[in-house]
Number of protein chains: 2
Amino acid sequence: MNIILASTSTLFGGNYLEYLKPEIQNLFSETNEIIFVPFARPGGISHEEYTKKAREFFTQINIKVKGLHEFEDKIEAVNNAKGIFTGGGNTFLLVKTLHEENLMEVLKENVENGTPYLGCSAGSNIGGLNMKTTNDMPIVYPPSFECMGLVPFNINPHYLDPNPDLKHNGETRETRIKEFLTQNNTKVVGLREGNWIRKIGQKITVEGKELTRIFEKDKEPYEIAPGTEL
Amino acid sequence: MNIILASTSTLFGGNYLEYLKPEIQNLFSETNEIIFVPFARPGGISHEEYTKKAREFFTQINIKVKGLHEFEDKIEAVNNAKGIFTGGGNTFLLVKTLHEENLMEVLKENVENGTPYLGCSAGSNIGGLNMKTTNDMPIVYPPSFECMGLVPFNINPHYLDPNPDLKHNGETRETRIKEFLTQNNTKVVGLREGNWIRKIGQKITVEGKELTRIFEKDKEPYEIAPGTEL
């Protein structure tokens, strides 16, 4: 496998995918055309608008982008893809669409067989075992929460440390993930913004500038450094 | 109907249910015993522990508390209840348990027929049409997102304004609710902490000290003052 699962597409104050540019060039070095999966529709933008946004970035590195929504036969399109990028947005909408169009399994098979894959945020959530550690609002009801399982754990993108100044009684991210662990025996990788997971062959590492917080059932959460194998 | 749907159980720096005490006394003025629904299990605490916490508050106002989990026949228990309180925690876990035990419909019928109902946070979410505007993490997969619909809209508890100082690319609450409105034509009441919805008979008002933010499809969000009818 050859995949990147990134916490976010855009760093605060940065441009879309800018901080990941060398990594993305490396990931897609063997291809000049990728398929973009726009179904997470951040802020409700259309598939066309979202694909245009992805295309603007990839044009800079001489890679053509086709939106998966443009194809009559989407399964064939994924089977023929030379690279795949799933953008962020709402994970519930993304997972619902992928299951309804029978694409989750097809994506999984192709990526497992070597098609390079980039995911950001919701697109990274679907690389995990299931979407039960997304931060998104359940705006639609997917037929299942199961995902591709490209890595043997779950991802919490945009991982955020508790803010001691916040006078608000909503749960912290850590509390939420600990609640998940009361119901599931699944490792969760709390991926801070600016970090990503890299899988090449069977080797999985965490990359970026920040530490990464790992949550496991019946253990205290712990931090691992960039470059650590997962 | 005679119901309170509160944004939170506990204000920052306050004790459990303290700020709502006069309202709760008024709601349950005709009863000396209520049933507590502990299924949302905040932080994963047990049904027993959570019921104990509720009991500690209600003892102060001379109301006995029985946990719904204590009953062999839970449907009969709800049918015989003189008052019902559903505590906060994880809405997915709460809704899954209620649907699996066939309790959602039974709760709805009893509250619509006059049993006084108090909900906090997740317990307020289930008073809305569905749980698609919860803030919680989808740690379990409920058989449906449908809820009691005691009010003809959805609730977003712990409504939080965007923090301009946050250097983080996760979605704001407002962005999330706007994404919901791209997929659903349902009014959303953004209930800031310290506010609650009061329904007496067919009259629904918003109460508390803060303004309440209302979101509707194809409209700019707007604010309403305490006491406004919904």
Side-chain angles (χ1 to χ4, degrees), chain A residues 7-14 40-46 88-93 95-96 120-121 130-146 156-161 163 165-171 173 175-184 192-194, chain B residues 7-14 40-46 88-93 95-96 120-121 130-146 156-161 163 165-171 173 175-184 192-194:
Chain A
S7 173
T8 187
S9 60
T10 314
L11 289 187
F12 185 81
R41 300 182 57 187
I45 66 169
S46 69
N90 186 283
T91 311
F92 290 86
L93 193 51
V95 168
K96 178 172 186 275
C120 290
S121 191
N130 57 58
M131 58 165 286
K132 291 180 184 172
T133 51
T134 177
N135 310 308
D136 294 338
M137 191 170 264
I139 62 172
V140 294
Y141 184 69
S144 160
F145 284 169
E146 296 309 301
N156 179 251
H158 304 282
Y159 182 77
L160 191 61
D161 293 292
N163 176 356
D165 297 331
L166 192 62
K167 292 185 170 130
H168 183 263
N169 201 40
E171 293 89 347
R173 190 67 57 79
T175 301
R176 293 170 194 276
I177 296 172
K178 285 179 172 174
E179 286 181 357
F180 168 81
L181 289 174
T182 69
Q183 303 296 315
N184 303 270
R192 293 187 175 92
E193 293 197 339
Chain B
S7 173
T8 187
S9 60
T10 315
L11 288 188
F12 185 81
R41 302 182 56 188
I45 66 169
S46 70
N90 186 283
T91 310
F92 290 85
L93 193 51
V95 168
K96 178 172 186 275
C120 290
S121 192
N130 58 57
M131 58 166 287
K132 292 181 184 172
T133 51
T134 177
N135 310 307
D136 294 338
M137 193 172 263
I139 63 172
V140 294
Y141 184 69
S144 157
F145 284 169
E146 296 307 301
N156 179 253
H158 305 284
Y159 182 76
L160 191 61
D161 293 291
N163 176 355
D165 297 331
L166 193 62
K167 292 186 169 132
H168 184 263
N169 200 40
E171 292 89 347
R173 190 67 57 79
T175 301
R176 293 170 193 278
I177 296 172
K178 285 180 172 174
E179 286 182 356
F180 168 81
L181 289 175
T182 68
Q183 303 295 315
N184 302 271
R192 293 187 175 92
E193 293 197 340

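Naming convention: chains lettered A, B, ... in sequence-line order (proteins, then strands); numbering from 1 in each chain.
In terms of modelled atom types and a separation under 3.5 Å, the side chain of B/Tyr141 and the main chain of A/Lys132 share no donor-acceptor contact. Of the possible polar contacts, none joining the A/Glu179 side chain to the B/Gly44 backbone as a donor-acceptor pair under 3.5 Å is found.
Most heavy-atom pairs under 4.5 Å with chain B: of the set A/Pro142, A/Gly89, A/Pro138, A/Gly13, this distinction falls to A/Pro138. Ranked by heavy-atom pairs under 4.5 Å with chain B, the first of A/Leu181, A/Thr134, A/Asn130, A/Thr175 is A/Thr134. Considering only heavy-atom pairs separated by less than 4.5 Å from chain A, the leading option among B/Leu93, B/Thr91, B/Ile45 is B/Leu93.
Contact check for A/Ile139 versus B/Lys178: no side-chain heavy atoms found under the 4.5 Å cut-off. Contact of the A/Gln183 side chain with the B/Asn90 side chain is not registered, since no non-hydrogen atoms from C-beta on lie closer than 4.5 Å. Between A/Met137 and B/Ile177, some side-chain heavy-atom pair lies under the 4.5 Å cut-off.
Looking at B/Asn184, only its side chain comes within 4.5 Å of chain A, counting heavy atoms on both sides. The contact between B/Asp136 and chain A is made by backbone and side chain atoms together, counting heavy-atom distances below 4.5 Å.
Scanning both residues, B/Thr182 and A/Gly43, for their nearest heavy atoms gives CG2-O, 4.3 Å.
Legend: residues meeting side chain to side chain donor-acceptor pair (under 3.5 Å) with B/Arg41, ordered by chain and number and at least two apart, are absent. B/Ser144 pairs by the side chain to side chain donor-acceptor pair (under 3.5 Å) definition with nothing, not counting sequence neighbours.
With rounding to the nearest 0.5 Å, the separation of CZ in B/Phe92 from CZ in A/Phe180 is 12.5 Å.
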